[in-house]
Protein chains: 2
Amino acid sequence: MSKPNPNSKPPTMRDVARLAGVSQPTVSRVLNDASTTVSISEETRQKILEAVKELRYRPNMTARSLRTQQSQMIALMIADISNAFYHPIARVIQDVARQHDYDVIIANSDHRDDNERHFLDAVIRRPVDGVIMVPIHLTDEDIDRFITLTQTPVVVIGKQIEHPQVDVVWADDGKATYEAITWLIKERGYSQVGYFGIPDLYPPGPRRWRGYQRAMEQAGLTIEPDYVSFEGDFTLESGRRAARKLLAHDHWPPVIFAVNDLMAIGLILELQDAGYSVPDDIAIMGFDDIPEASIIRPHLTTMAQTPVDIGRKLAEALFDRIEGRETGSKRILECPCRLVPRQSA
Amino acid sequence: MSKPNPNSKPPTMRDVARLAGVSQPTVSRVLNDASTTVSISEETRQKILEAVKELRYRPNMTARSLRTQQSQMIALMIADISNAFYHPIARVIQDVARQHDYDVIIANSDHRDDNERHFLDAVIRRPVDGVIMVPIHLTDEDIDRFITLTQTPVVVIGKQIEHPQVDVVWADDGKATYEAITWLIKERGYSQVGYFGIPDLYPPGPRRWRGYQRAMEQAGLTIEPDYVSFEGDFTLESGRRAARKLLAHDHWPPVIFAVNDLMAIGLILELQDAGYSVPDDIAIMGFDDIPEASIIRPHLTTMAQTPVDIGRKLAEALFDRIEGRETGSKRILECPCRLVPRQSA
DNA sequence: CGAATATATGTATTCGTATGCTTTACAGTA
DNA sequence: TACTGTAAAGCATACGAATACATATATTCG
């Protein structure tokens, strides 16, 4: 094993051509299946295919990319690799990409501004044929600069991006939040609802906050400032921190709506660790329906999103553009949300 | 916004050179900081840097890769993107790669043979400077073929790979399993221990199974065939399936050791759904210590691995080779395991 | 003051592939 | 027989950057 390979480099088309006794372009034509109006004799074709087999030739994508100006790669930037919400998205995108014979570069921004910018830099230096991302801090201008510079198709999650050439996949989370709050009040009978959100500068923040406000108003409830927090950052740990603050107060809302499941789970775990019961002492509702929502006890009542659907829409929208089936201006693709009543609220 | 860019393509070195009134190679030399013994006048250097700024020039990595035969990319193949065990690994590898100015291609095998092979094919076609992977089905021969063909450094998780040029990161999971079982018997006082494993053809299977056997033997316990199953496949769902089978039987071991946390959690959830109490009716222990282990109630007693450490060792071992600091034959890097007693056993 | 030596830059070529254009060989036609 | 058409394959070049080699100018020294 591992005897130092005599000709250490992988074979090239030239090697194949030499072995088959033809020229390199002829090999190229055979392998690319006569795209332009050429014709190759069956005999030559066979010789070449045999040579390919014998040498175990594989085309070099780097060279091909340089020549064709296409990389056969797409880039994906997600906001948090640890958040299970993104896993099905990443997986589906990979599956679709593979069907189209594309590879995927994955980057992880951790919700950080500098990481998002670095990602754009990276895909400028290493041209890809398409970009899917979850921009939290990037603005329309940032994205526009990238597009005018590279002419690369871009698809995003998040309605806040409004660029004429960028397809958007989103869920109407404002409406979903409204429905969740309304349901807590009307169906579950809670007389007050607390809100555990994220700072307004994160895009989904304002939408969900307004959904909450609207529902409260419509139910004739006043929003208690004490029952509202914007100190979440999408992580479980931020949920625990918020719970610790809550424990220091003396009056609680009967139920708290958290803008994502991880934060909701953090709340529950910390409250339970302090000896309180969910939902008896306080109920908790989340948003996303990640797998952990069905692991925690009590199982988490939540507003489900459809990450597989989201991922598929993202990928298909992107390949529609990469492969030229779609050339018009931006499309907005909405994915449904669905209330999942469980035991936590 | 998005006015169709007049010169739609990103600028090249040639453009920069023209604007600065010099030749393309001069630009190359300035940007690569005089690697070969060259000297550039300060004046020229400044002109070029200005031109670079004005045109917002970014080097094209594809062209550079073709010329230098280096891609500035590494490829990572993990076994299951949904398994939280791999998240810190992927994240650390990305962080280290970024420090070295490398991008990362991530692939997900889902433990499937064909996906693993497809991955190798992909990194043959698209040369990368290094490969990190978790091979489940790939053999030494497969890996050897890849290495002799591409001369690419490879680092793996999993002691089963024994290739003279492949660094291995692993945990002594045989020993760890032995210790876990022994601890259950000696410290926790269980009189019998069930085993929920995976088929022997998955590499960690035999190691952990032998650890279990050894511990049982040493404790003077006989292994009850009824208490042993190899029907797991690393997923939570396979844990639920196993629990359903268990529920059909009428006698249970007092505790079951599962070879990973996801499977252990599947067991617990299904047993609880059927009305049984963990650990009172039956105790469960896992392996890995993924975040979900601290979410489920009761919290999961488990044998922790150190994925951050594993990821860092993998990445650093790889860059040691990519950057030529290490040229010798294979190194074996061991990561510790640590028993984490919680409530489930 | 002419030759040797730095110094600064340009020229030509290369990486592996794709593709427009040209050439060759031969069959068919008038 | 001379000419045209077509199938088959070769030739030349381009993609963008890196680099070995050549060249031109300025500097230094005997």
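We name chains A, B, ... by the order of the sequence lines, and we start the count at 1 in each one.
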Let me know the distance between CZ of B/Arg14 and P of D/dC15, rounded to the nearest Å.
7 Å
A/Arg98 bridged to A/Asp95 by N-O distance under 4.0 Å:
no
Do we see a donor-acceptor contact under 3.5 Å between the side chains of A/Arg126 and B/Thr62?
no
Pairwise distance OG1(B/Thr327) to CZ(B/Arg325) - rounded to 0.5 angstrom
12.0 Å
Distance from A/Thr148 atom OG1 to A/Gln151 atom CD, nearest 0.5 Å?
7.5 Å
Taking only the side-chain nitrogens and oxygens of B/Thr26, find out if one of them lies under 4.0 Å from OP1 or OP2 of C/dG10.
yes
Name the closest nucleotide to the B/Pro25 side chain, picking from C/dT9, D/dC11, C/dA12.
C/dA12
When the distance from CE of B/Met13 to P of D/dA14 is rounded to whole Å, what number comes out?
19 Å
Determine whether any donor atom in the side chain of A/Arg126 lies under 3.5 Å from an acceptor atom in the base of D/dG16, or the reverse, and answer yes or no.
no
Between C/dT7 atom P and B/Glu43 atom CD, what is the distance in whole Å?
17 Å
Could you grab the distance from atom CG of A/Leu76 to atom CG of A/Asn108, nearest 0.5 Å is fine?
10.0 Å
Among side-chain atoms of A/Glu323 and A/His100, is any donor-acceptor pair under 3.5 angstrom?
yes
Whole angstrom is fine here: how far is it from CD1 in B/Ile124 over to C1' in C/dG16?
17 Å
Near-strand residues of residues 50-73 of chain A, defined as heavy-atom separation under 4.0 angstrom from DNA chain D
A/Leu66, A/Arg67, A/Gln69
Between B/Glu42 and B/Gln24, the residue closer to the 5' end of DNA chain C by nearest nucleotide is B/Glu42
Decide if the gap between the ring center of B/His137 and the ring center of B/His111 is smaller than 6.0 angstrom.
no
Rounding to a whole Å, what distance do you find between B/Gln46:CD and C/dA8:P?
14 Å
Out of A/Lys330, A/Lys159, A/Arg321, A/Lys313, which one pairs with A/Asp167 under the salt bridge (charged side-chain N to carboxylate O under 4.0 Å, His left out) rule?
A/Arg321
Whole-Å distance separating the CZ atom of A/Arg29 from the P atom of D/dA9
10 Å
Nearest nucleotide by nearest heavy atom, which residue falls closer to the 5' end of DNA chain C, B/Val22 or A/Thr12?
B/Val22
Please classify the nucleic acid contact of A/Val27 as base, sugar-phosphate, or nothing, using heavy-atom distances under 4.0 Å.
nothing
Is a side-chain N or O of B/Glu116 found less than 3.5 angstrom from the main chain of B/Leu138, in a donor-acceptor match?
yes
Please report the distance, rounded to the nearest Å, between CZ in B/Arg45 and P in C/dA8.
10 Å
Using rotation axes that map the C1' atoms of four end pairs onto the next four (five pairs an end), what angle separates the end axes of the helix from C/dC1-D/dG30 to C/dA30-D/dT1, to 10°?
70°
